[in-house]
Amino acid sequence: MVTKRNLAMTTAMLSLCWCGALAAKVTASADGRVMRLDGGGVTYALGVDDKGYVQPLYWGAALDANAPLVAKSPAELSGFDPAGSITPQEYAGQGEGLVSEPGIKTIFADGNRDLVLKYRRHTVSGETLSVELADISRPLSVTLRYTIDPATGVIARTASVRNGDKAPVRIDQIAAATFTLPVGDDYRLRYLTGRHGAEWSQVDAPVTPALTVLESRRGSTGHGNQPWFAIGQDGRTSETDGPVWYGALGWSGSFRLTVGADNLGRVRIGGGYNPYDFSWSLKPGETLTTPIFYAGYAAKGMGDASRRFHAFQRAAIIPGGARAKLRPVLYNSWEATTFNVTEAGQMALAEKAARMGVERFVVDDGWFGARDDDKAGLGDWTVNPRKFPNGLKPLIDRVKALGMDFGLWVEPEMVNPNSDLYRAHPDWVLHFPDRPRTEGRNQLLLNLARTDVRDHILGWLDKLVRDNDIAFLKWDYNRNWTEAGWPQVAVEDQQRVQVDYVRNLYYILSELRRRHPGLEIEGCSGGGGRIDLGIMALTDQSWTSDNTDPYDRLTIQDGFTQAYAPSIMMAWVTDSPNWANGRQTSLDYRFLSAMQGSLGIGANLDHMQEADIATAARWIAAYKTIRDTVQRGDLYRIAPPRADRATSATFYVSPDRKQAVLFQMLHSSMFRDNGAALRPQGLDPARRYRVRMLDGAALPDGVPGEASGAYWMERGLRAKLKGDFQGAAFLFDAAP
Ligand code: DGJ
């Protein structure tokens, strides 16, 4: 099962760790009353009180081994606040008058809805702590599992519920983890929200007793709220300083995260399957395991939190870990040709792409079935003979002869009603009998929870990749769920579709990767509609947004990188004026925006003049000299893009701190632009760095060619940009 596989993978990564001598410590006190995870400068502790409740004891900066951590049972506060309901439980059952969000909510076959979980036993096995809780009388147990990353302090948690009874138990809600922060009225929550073409907007809001719910009811992660949070403290936490507790659920289906203060002011955070359309009839002897909830603590502000999380994702989540290949510069035909793909047209684009230095050529939508627009063809994954009379081979051969590898767009989970597949298998889609089947972009969702559907999809994908020299798939997904019925199984099992669909999606992706070890996959959902740590473990990169306007992208990228690593953040240079908003920008500006992630080209190369192709070739060559730093380095948000600020800036520093690059982006000049210097962070203060402009232009007046890291970080630097939508990049190289 994927959750176990991911947990095992995480644990394996921790023990093979890229972080050398660092070690995580998972310990329990001699009396078994205190359990601790220590790593990456972080301590997480839980303990058992004298009534047997497991309580959260501490989560923050590393504590000494003898720290006096003790779980104490609170006394009843009032008739309205009995002891059980105010005990800060590590993972509470819905029972005994609990008035805050439970970890798990159950109904037993006899109608009992009271579940009180107390400590039964714990084990430390390798680097995994397992804590088993059990109901006070019924044979139902919940095992909480924990690991901690020795380098970053990121904790990975799951919960597994086991029914030891003789009758099924209905699970109505189950969190992967719940977390508790100390009492305080000064917490602030940062979260990400948005919509198609406008993903990754940041919201900062106070944490109050009014529960904040971040959720998707879409069947997938969605363009709306991300399953990610970061909590700081008013007056203490900034981009560069103060405590931050952060985390993200690794799940690509409907999810729910909740954040709120309980009636005593303790902040509680929970996350798991979204209970809005979830129930699981847990059969006798059966176990249900949640996805993984990853969470961490950072002492040095929001920047520290995201750098730790990026490092963790690169090492432990993204396929290949430290050995993952750098993202190649790709060309994608979508914005150039939409559905009008032909062998000759794609070959012409490929010639130009190769001359620019592109390394991967990707044919997007329109190559298969009767796919001339979005009304037909999905489901019929055979090459369209009118567009490619000789199959894909001549194009692939040409692409390879030009020195690039070949990628292809697919949308395997979808079907157009106007397709041979749907005509043959109308029962394969999510639906309720005798009810409407609502279409989105003229398509319906195949029910991946069905094993025959799962096997069909895996079968044609496997054959497609086996029969053609395909290095890369762009895996798209272009609608939300509606009428999520699975009428072929027993009524009490039908809502398993919410889980089984996603598990089978993960199965197909991991099996495809296993059968084709070199194959790389880009996750895409109408832009950034399905990005999370679950799908991240099975894809090499993500399509960030269909909004390719280079100025909008700066805000989108700033939001994306709050949570996720820049290496998987695909960013294309496309045409100007941009399709999304008509904004006109120079090719230089478009490159400088897109080079802050993993670079792609999506422009119509047939519209480019020779001079533009030469400019593009120069920027692509320059990107190749810094991509290691951009993709594997530390990101410092020097000046985030904001509507009230003319200038934004990001700074990327290589892991060995020998190279760095500063991107300065101007929205529009005002008042002769006497802006303050941009002050880099993260350089080695004692080392000397040579600085030059990435495009080879002369340094601005007053910027020395060489100085110490301390000088650059204290004095800063700035290009004197004039006009609107201008950019510059400074390259820092450690002097030998
Ligand atoms: C949505 C994606 O986000 C686009 O990049 C493109 O692949 C289209 N789908 C194709 O239909």
Side-chain angles (χ1 to χ4, degrees), residues 194-200 218 220-224 252 327 330-342 345-346 349 353 360-381 384 387 406-416 418-419 439-446 470 472-480 520-532 535 539-550 552-553 556-557 560 568-575 578-581 590 594 597-604:
R195 61 176 193 280
H196 176 249
E199 308 90 331
W200 314 106
R218 298 160 193 263
S220 70
T221 327
H223 295 81
S252 311
R327 298 295 82 228
L330 67 71
Y331 178 77
N332 178 294
S333 64
W334 173 247
E335 288 197 23
T337 60
T338 64
F339 301 96
N340 186 23
V341 292
T342 61
Q346 296 292 307
L349 290 169
R360 171 169 289 166
F361 185 84
V362 183
V363 175
D364 208 278
D365 200 348
W367 59 269
F368 55 92
R371 189 75 169 164
D372 290 326
D373 53 30
D374 62 15
K375 295 186 177 55
L378 286 177
D380 299 340
W381 297 101
N384 181 307
K387 299 179 181 182
F406 182 79
L408 200 59
W409 179 96
V410 291
E411 192 174 6
E413 298 154 79
M414 301 289 171
V415 65
N416 287 118
N418 185 5
S419 66
E439 294 175 21
R441 206 195 191 202
N442 310 301
Q443 60 200 52
L444 297 167
L445 265 143
L446 293 169
I470 292 174
F472 172 84
L473 291 175
K474 174 176 172 182
W475 185 299
D476 208 344
Y477 176 96
N478 280 300
R479 57 159 295 177
N480 294 328
E520 295 195 339
I521 301 174
E522 175 174 282
C524 171
S525 172
R530 189 164 63 187
I531 300 176
D532 57 79
I535 203 96
T539 50
D540 303 274
Q541 59 192 52
S542 308
W543 181 223
T544 312
S545 176
D546 278 350
N547 183 342
T548 52
D549 171 70
D552 282 5
R553 268 300 176 114
I556 286 171
Q557 291 170 182
F560 182 99
I568 62 155
M569 181 176 73
M570 292 308 298
W572 297 351
V573 172
T574 58
D575 287 341
N578 187 270
W579 76 268
N581 52 21
R590 281 175 269 154
S598 281
L599 179 65
I601 314 293
N604 191 340

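In listed order, ligands and their atoms are each counted from 1. Just so it is clear, the structure is predicted and the values come from calculations on it, not from any experiment.
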Just jot down the salt bridge (Lys or Arg N to Asp or Glu O under 4.0 Å) partners of R327, sequence neighbours excluded, or say none.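 R327 satisfies salt bridge (Lys or Arg N to Asp or Glu O under 4.0 Å) with E520 only.
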
Would you verify whether the NZ or CZ of R371 falls within 45 degrees of the ring axis of W334 while also being under 6.0 Å from that six-membered ring's centre?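 Checked: cation-pi criterion not met.
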
Can the ring centres of W475 and W409 be said to be less than 6.0 Å apart?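 Aromatic pair excluded; centres sit 6.0 Å or further apart.
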
Note every protein N or O atom lying under 3.5 Å from an N or O atom of ligand 1, pairing the names and giving the distance.
unit_1	atom_1	unit_2	atom_2	d
ligand 1	3 (O)	G527	N	3.0
ligand 1	3 (O)	W543	NE1	3.4
ligand 1	3 (O)	D546	OD1	2.4
ligand 1	3 (O)	D546	OD2	3.2
ligand 1	5 (O)	K474	NZ	2.7
ligand 1	5 (O)	W543	NE1	3.4
ligand 1	7 (O)	D364	OD1	2.7
ligand 1	7 (O)	D364	OD2	3.2
ligand 1	7 (O)	W409	NE1	3.1
ligand 1	7 (O)	K474	NZ	3.0
ligand 1	7 (O)	D476	OD2	3.3
ligand 1	9 (N)	D476	OD2	2.6
ligand 1	11 (O)	D365	OD2	2.7
ligand 1	11 (O)	R441	NH1	2.9
ligand 1	11 (O)	R441	NH2	3.0

Ignoring hydrogens and geometry beyond distance, is a side-chain donor-acceptor pair present between S545 and E199 at under 3.5 Å?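 S545 vs E199: donor-acceptor pair found between side chains.
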
Between S333 and D364, do the side chains contain an N or O donor and an N or O acceptor separated by less than 3.5 Å?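 Note: S333 and D364 side chains miss the donor-acceptor criterion.
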
Going from CG on L444 to CD on E413, what distance comes out if it is rounded to the nearest 0.5 angstrom?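 Going from the CG atom of L444 to the CD atom of E413 covers 13.5 Å.
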
